Undergrad: 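If you scroll down you'll find the structure; I have some questions about it.
A quick note: this is a predicted structure, and the numbers were derived from the prediction, not measured.
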Amino acid sequence: MKNKRNLSLYIHVPFCVQKCRYCDFYSAAAGEDEKRAYTALLCREIKSWGERLRKDYKLYTVFLGGGTPSCLAPECLVRIGQTIRESFECSDLIEYTTEANPGTVTKEHLTAWQQMGINRVSLGLQSAVNEELSMLGRIHTYEQFLETYHQVRESGIDNINVDVMAAIPGQTMESYQKTLRRIVKLQPEHISSYSLIVEPGTVFGDWEENGTLNRPNEETDRAMYQWTKRFLDENGYHRYEVSNYAHKDMECVHNCVYWTGGEYLGVGVNASSYLGGYRFQVPLQAKQYEAYIKKLEESVSIDAVNKDRILECMQDVEKVERTAQMEEFMFLGLRMIQGISKQEFSSRFGVDIMSVYGPVIQRYEQEHLLEQTRDGYLCLTEHGIDVSNQILADFLIDTES
C-alpha cells in the first residue's frame, strides 16, 4: 500500500461581527443567507480537492481560521466538518483547531464542535482590560471571555490557546502584566503573545499616519516582550517559537507545519497553499470565488496539483525553486526555539548546510547569536531571538554572486 503524505488543511471563514481596528485580514460582516451560501461553496471546494488529493494525502491537522469561524451557524460548521471527513482520509488527524471570539460562542457551537471532532480551540482575547478591548474594536469584554473560556473547558476541550496582544494604544506595562497574570491563572495549554503591528489601510494605520495613535514606545514594547518570557517560563510555559508558549507537548502542530516547510492546503476566499512544490492562493474577491470552484471541479480528471489546468484556477501561482526552499527552511525554521536540523537540511536538499550557509553561520556564531547543539540543531541564542529579523534576512541566498 502506498504511503500517503501528511497534509494540513486551513479553512478560511471571512466573516466577523465587526472589523477590529488593527485587522488587515480578509474579513467582513455578512447576513445568514450569505454565510450559508459561502458554506455551500466552501464544501464544494473541499470536496473537489479531496477527489484529487485523497489518494496521495491524508489529513494531519485542520485549522478553521478567519475572520471568525464561530460567526457561522452551528449547522454550517457541522456541514463543513462532514464534508472534510467524507472528502479526505482522517485516520491520522491529530489536531483539529477552530478559532473563536468571545461573545460569539453558544452551546450549539460547542455541540457542533464535538460532532466535528474539534480538539483544540484558539480564543482571541487580546487583552483582559476592557478599555483596551474597546480601543482595539473588539466586540467582547473580559467577562464575556471568561464565560466563553469556561464553557469551552466544561465541554471537554483540553487544549485551549489564548491570544494576547502587547503594545496596544494606551496600554501600560502594568495593564499588560495584569492581562497575562489573569490568563495564566486560568491555565490554558497554550498562549500566543504578539506585539501589535500597525498595517496600512486599517483604522490604526490611518491614525498612525495622522499622528493620533498613542502607542507605547519601543522601550516599553521591548520590556513587555522580555517580561513575557520570564513570567511565562516561571509559570510552566516554554517558548517554542518567537511569540508562542505552551505547556509540555501542547505546541500548535498546525503552525509548526508552516514553520518547518510542510505541505498545506488553504480553502476559502484568499486562502494560501503550499503543495506539490507550488505556492498559490484562492482568488481574493468573493465574486471570483464561485467561478474558481467551477473551474476547479471541471479539472477533476487531472491527477497532480502541479498541472497547468488546476493552477490556472488560482492566483499568485509560484513554483518554489530549490533556492527559495532552502531560504524558507532557514528563516521559518529558525523562528522556532529548537532551530533547524542540519541533518534534515542535508536530507531535503542533498548538500551540507555549511556549503551553502557556512559564512553566515560562522559569523553569527562568533557574535553569539547562533549556536549549534549537541543533537545536531542550529538555533538562535536568547539574544539572537531578540534581534532575529536582521539575522534571518541574511539567509537569503544571493544567486547573482
Side-chain angles (χ1 to χ4, degrees), residues 4-15 27 30-101 104-122 151-152 155-160 253-254 257 263-271 273 275 282 286 289-290 292-294 296-300 305 313:
K4 295 185 179 182
R5 292 150 68 179
N6 285 336
L7 178 67
S8 289
L9 176 64
Y10 173 77
I11 300 170
H12 188 66
V13 179
F15 306 120
S27 63
E32 292 305 313
D33 288 344
E34 185 177 350
K35 292 175 185 177
R36 282 192 289 269
Y38 181 80
T39 297
L41 290 173
L42 196 60
C43 289
R44 283 173 55 189
E45 185 186 5
I46 293 168
K47 181 179 178 182
S48 186
W49 276 113
E51 288 173 343
R52 66 178 47 78
L53 297 180
R54 185 184 179 100
K55 70 176 183 178
D56 296 315
Y57 291 90
K58 57 186 177 181
L59 287 189
Y60 182 55
T61 65
V62 176
F63 196 106
L64 277 72
T68 308
S70 49
C71 274
L72 289 181
E75 57 267 26
C76 291
L77 292 170
V78 170
R79 180 177 179 185
I80 292 169
Q82 290 174 337
T83 304
I84 291 171
R85 294 192 179 275
E86 291 169 358
S87 303
F88 289 92
E89 181 182 328
C90 298
S91 58
D92 290 337
L93 177 55
I94 66 168
E95 184 183 88
Y96 199 154
T97 301
T98 185
E99 292 182 334
N101 277 350
T104 62
V105 178
T106 65
K107 291 181 180 179
E108 289 75 21
H109 280 100
L110 298 171
T111 300
W113 293 347
Q114 289 176 335
Q115 293 178 24
M116 296 168 70
I118 297 287
N119 60 15
R120 184 176 185 272
V121 175
S122 181
Q151 283 180 324
V152 172
S155 75
I157 298 292
D158 60 3
N159 191 355
I160 299 177
V253 180
H254 186 89
V257 169
E263 291 185 290
Y264 55 90
L265 172 69
V267 300
V269 173
N270 205 35
S273 301
L275 194 61
V282 176
Y289 186 47
E290 188 167 5
Y292 144 75
I293 292 173
K294 183 177 180 181
L296 189 63
E297 290 173 332
E298 291 171 351
S299 304
V300 165
V305 70
C313 306

Undergrad: Would you compute the distance between atom CG of Leu64 and atom CG of Leu9 and round it to the nearest 0.5 angstrom?
TA: 8.0 Å

Undergrad: Using ring-ring contact (aromatic ring centres under 6.0 Å, His included), reason through Tyr38 and Phe15 one step at a time and then give a plain yes or no.
TA: CA-CA 10 Å; Tyr38 181 80; Phe15 306 120; 5.3 Å; yes

Undergrad: Quick one: OG on Ser91 to NZ on Lys58, what's the gap to the nearest 0.5 Å?
TA: 6.0 Å

Undergrad: Once you measure the plane-to-plane angle for His109 and Trp113, does it fall in the parallel (<30°), tilted (30-60°) or perpendicular (>60°) bin?
TA: tilted

Undergrad: The criterion is salt bridge (Lys or Arg N to Asp or Glu O under 4.0 Å); which residues satisfy it with Arg5, sequence neighbours excluded?
TA: Glu263

Undergrad: In terms of the angle between their ring planes, are His254 and Tyr10 parallel, tilted or perpendicular, with boundaries placed at 30° and 60°?
TA: tilted

Undergrad: Could I get the full list of salt bridge (Lys or Arg N to Asp or Glu O under 4.0 Å) partners for Arg79, not counting sequence neighbours?
TA: none

Undergrad: So, taking the atom named CG in Asn119 and the one named CG in Leu93, what distance separates them when rounded to the nearest 0.5 Å?
TA: 7.0 Å

Undergrad: Nearest 0.5 Å, what's the CG-NZ distance between Leu296 and Lys47?
TA: 12.5 Å

Undergrad: Please enumerate all residues that pass salt bridge (Lys or Arg N to Asp or Glu O under 4.0 Å) together with Glu89, with sequence neighbours excluded.
TA: Lys4

Undergrad: Using side-chain heavy atoms (C-beta onward) and a distance below 4.5 Å, is Val267 in contact with Leu42?
TA: yes

Undergrad: Could you please spell out the steps behind the side-chain contact (heavy atoms from CB on, under 4.5 Å) verdict for Val253 and Tyr60?
TA: CA-CA 9 Å; Val253 180; Tyr60 182 55; 3.6 Å; yes

Undergrad: Please report the C-alpha distance between Val13 and Thr68 in whole Å, then the side-chain angles of each, then the deciding distance to 0.1 Å, and finally whether the side-chain contact (heavy atoms from CB on, under 4.5 Å) criterion is met.
TA: CA-CA 6 Å; Val13 179; Thr68 308; over 6 Å; no

Undergrad: Suppose we screen for side chain to side chain donor-acceptor pair (under 3.5 Å). Which residues come up paired with Thr111, at least two apart in sequence or across chains?
TA: none

Undergrad: Tell me the salt bridge (charged side-chain N to carboxylate O under 4.0 Å, His left out) pairs involving residues 36-46, sequence neighbours left out?
TA: Asp33-Arg36, Arg44-Glu297

Undergrad: Can you tell me how far apart CG (Leu53) and CG (Leu275) are? Round to the nearest 0.5 Å.
TA: 5.5 Å

Undergrad: Distance from Thr97 atom OG1 to Arg120 atom CZ, nearest 0.5 Å?
TA: 4.5 Å

Undergrad: Using atom types as modelled and distance alone, determine if a side-chain donor or acceptor of Arg52 lies under 3.5 Å from a backbone N or O of Ser48.
TA: yes

Undergrad: Under the criterion side-chain contact (heavy atoms from CB on, under 4.5 Å), I'd like the reasoning laid out for Phe63 against Val257: C-alpha separation, chi angles, the key distance, then a yes or no.
TA: CA-CA 12 Å; Phe63 196 106; Val257 169; over 6 Å; no

Undergrad: Going by the rule salt bridge (Lys or Arg N to Asp or Glu O under 4.0 Å), which residues pair with Glu86 if we only count those two or more places apart in sequence or in a different chain?
TA: none

Undergrad: Should Thr98 and Leu77 be marked as a side-chain contact (heavy atoms from CB on, under 4.5 Å) after you check the CA-CA gap, both sets of side-chain angles, and the distance that decides it?
TA: CA-CA 10 Å; Thr98 185; Leu77 292 170; 5.6 Å; no

